Amino acid sequence: MWQQPGMNGFTFDADSGDTEVDIAEDADTVGDDTMPDNVTIHFWLPLPAIFDFQACLTYMSRSPFECLYKLEADGINRLVPIGGEIHLIRLTCPTERMMRVELLYGEPFSPEDQDELACYVRDWFDLERNLEPFYQLASADPLLSPLIKSFYGLRLVGIPDLFEALCWAIVGQQVNLTFAYKLKQRLTEVYGDALEWEGNTYRSFPAPERFQEVTLEQLCSLQLTKNKAQTILEVARLIASGQLSRDQLLALKPEAAEHKLTAIRGIGPWTAHYVRMRCLRDQTAFLIGDVGLHNAIKHVAALERKPTVGELQTLFANWRGWEAYATFYLWRVLY
DNA sequence: CGCCAGGTAAGGA
DNA sequence: TCCTTACATGGC
């Protein structure tokens with residue numbers, strides 16, 4: 001049911017974890033086998049400059065239909081598959097400089113699990129990114145400078161799991177976000193795993209293998225269109241059979257990864273760039289056709305109409321290298 | 001009822 | 001290569 005360890009494609013960078021390691025290792029981790037239920041296990045991750053947890057949480061709380069995590073009391077809880085097993089974790093930032101990663105439910109972490117989870121969280125919140133250049137560029141830009149003030153410290157929240165990222169993009173094609181969230185919720189409730197914990201139900205997005213026996217009709221009954229249902233089944237098949245993976249896409253140049261994705265029927269340039277942005281962490285991803293982006297620019301530039309393709313290209317030429325962050329910050333003005 | 005929504009594919013100039 | 005159009009489905 002859960003993906004094999006490593007299948008999910010976390011990238012381990014041999015020399016990127018050094019700042020975290022010494023801190024994590026002398027965290028007061030309790031780890032004997034007879035651990036009582038109320039023992040908590042946690043470790044800490046150092047936070048980069050220009051990071052505001054609250055700004056990220058505000059973004060993440062935008063939909064009441066979000067079903068893959070719960071925000072409460074200045075923290076966030078979610079299920080994560082670590083070492084091939086289900087874990088319920090909680091993230092908080094009790095201090096400016098450190099993020100606390102706590103295990104609420106599941107087997108205590110092995111050192112390898114902890115590394116994997118640390119990678120997951122760093123990836124999720126894009127903690128490795130140096131935002132200085134973007135902020136420098138934005139501070140001199142008439143459209144972006146108000147945004148980096150309003151949303152200071154916001155990180156491009158990622159979707160580390162390729163299948164989830166693809167499905168989220170697919171269900172979000174040409175529908176309003178409210179409906180997209182409902183579709184994701186139905187997919188998750190029907191096909192995902194659930195865990196009850198302290199009166200709440202936590203859910204994880206289904207693994208692609210789960211769709212092996214699922215029919216078009218079954219997906220359509222969740223109010224997915226036939227095209228979307230078809231595309232999701234095809235993507236599930238490709239990932240489950242190993243023909244498509246995050247690691248494989250990461251090994252390619254962005255354009256090649258995009259091409260590999262758009263070769264799949266039902267995945268066009270918007271979806272491919274969306275995945276580049278949220279999953280592959282490609283900062284040059286540019287959703288030029290995105291309606292939300294058009295509306296955001298119309299709003300911040302006080303236009304009477306939506307921007308033309310030419311205007312978009314001119315604008316984004318100023319933000320080269322940071323297209324994804326510019327887009328992510330622009331989207332924020334809409335919600 | 002009508003327009004819109006974080007599109008895509010197919011067909012034609 | 002660049003435009004048009006059909007499609008599909010709910011939100012408001």
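Predicted, not measured: the structure shown is a model, and the values here were computed from it. Chain A is the first sequence line, chain B the second, and so forth, proteins listed ahead of strands; every chain is numbered from 1. Only this structure's heavy atoms are used, side chains among them; waters, hydrogens and symmetry mates stay out.
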When you check every protein heavy atom under 4.0 Å of nucleotides 7-13 of chain B, what one-letter string (B, S, -) results, 5' to 3'? BSSS---
Hey, can you pull the donor-acceptor pairs under 3.5 Å for the side chains in residues 259-268 of chain A, sequence neighbours left out?
| from | atom 1 | to | atom 2 | distance (Å) |
| --- | --- | --- | --- | --- |
| A:Thr262 | OG1 | A:Glu258 | O | 3.1 |
| A:Thr262 | OG1 | A:His259 | O | 3.2 |

What donor-acceptor contacts under 3.5 angstrom involve side-chain atoms of residues 131-144 of chain A, with partners at least two apart or in another chain?
| from | atom 1 | to | atom 2 | distance (Å) |
| --- | --- | --- | --- | --- |
| A:Tyr135 | OH | A:Gly153 | N | 2.9 |
| A:Tyr135 | OH | A:Tyr329 | OH | 2.6 |
| A:Ser139 | OG | A:Tyr135 | O | 3.2 |
| A:Ser139 | OG | A:Gln136 | O | 2.8 |
| A:Asp141 | OD1 | A:Leu143 | N | 2.8 |
| A:Asp141 | OD1 | A:Leu144 | N | 2.9 |
| A:Asp141 | OD2 | A:Trp319 | NE1 | 2.7 |

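Of the residues in residues 327-335 of chain A, A:Trp331, A:Tyr335 come within less than 4.0 Å of DNA chain B through at least one heavy atom, sorted by number.
Atom pair A:Gln230:CD and C:dA8:C1' shows a separation of 13 Å (rounding to whole Å applied). Distance, A:Leu287 CG to B:dA5 P: 16 Å, rounded to whole Å. Between the CD atom of A:Gln185 and the P atom of C:dG10 there is a distance of 16 Å, given to the nearest Å. To the nearest angstrom, C1' of C:dA8 lies 13 Å from CG of A:Leu216. Atom CG of A:Asn295 is separated from atom C1' of C:dC12 by 15 Å (rounded to the nearest Å). Computed from coordinates, the A:Phe179 CZ to C:dT9 P distance equals 8 Å when rounded to whole Å. Between the OH atom of A:Tyr181 and the C1' atom of C:dG10 there is a distance of 17 Å, rounded to whole Å. Nucleotide C:dA6 holds its C1' atom 15 Å from the NZ atom of A:Lys226, rounded to whole Å.
Here A:Lys228 lies out of heavy-atom contact (under 4.0 Å) with every strand. In this structure, A:Leu293 reaches neither bases nor backbone, as no heavy-atom distance under 4.0 Å exists between it and the strands shown.
Applying the ring pair (Phe, Tyr, Trp, His ring centres under 6.0 Å) criterion to A:Tyr181, with sequence neighbours excluded, gives A:Trp168. Here A:Phe179 pairs with nothing under the ring pair (Phe, Tyr, Trp, His ring centres under 6.0 Å) rule; sequence neighbours left out.
Close to C:dT9, at under 4.0 Å from its OP1 or OP2, lies no side-chain N or O of A:Gln223.
Counting only residues at least two apart or on different chains, the salt bridge (charged side-chain N to carboxylate O under 4.0 Å, His left out) pairs with a member in residues 216-243 of chain A are A:Glu234-A:Arg237. Sorted pairs that involve residues 313-335 of chain A and meet salt bridge (charged side-chain N to carboxylate O under 4.0 Å, His left out), not counting sequence neighbours, are lacking altogether. Listed by first and then second residue, the salt bridge (charged side-chain N to carboxylate O under 4.0 Å, His left out) pairs involving residues 171-185 of chain A are A:Glu66-A:Lys184 (not counting sequence neighbours).
One finds no salt bridge joining A:Arg278 and A:Glu164 here, because no Lys/Arg side-chain nitrogen approaches an Asp/Glu carboxylate oxygen to under 4.0 Å.
In this structure, A:Ile76 and A:Leu57 have side chains that are in contact, with non-hydrogen atoms separated by less than 4.5 Å.
Place A:Thr225 and A:Thr178 on DNA chain C by their nearest nucleotides, and A:Thr225 ends up nearer the 5' end.
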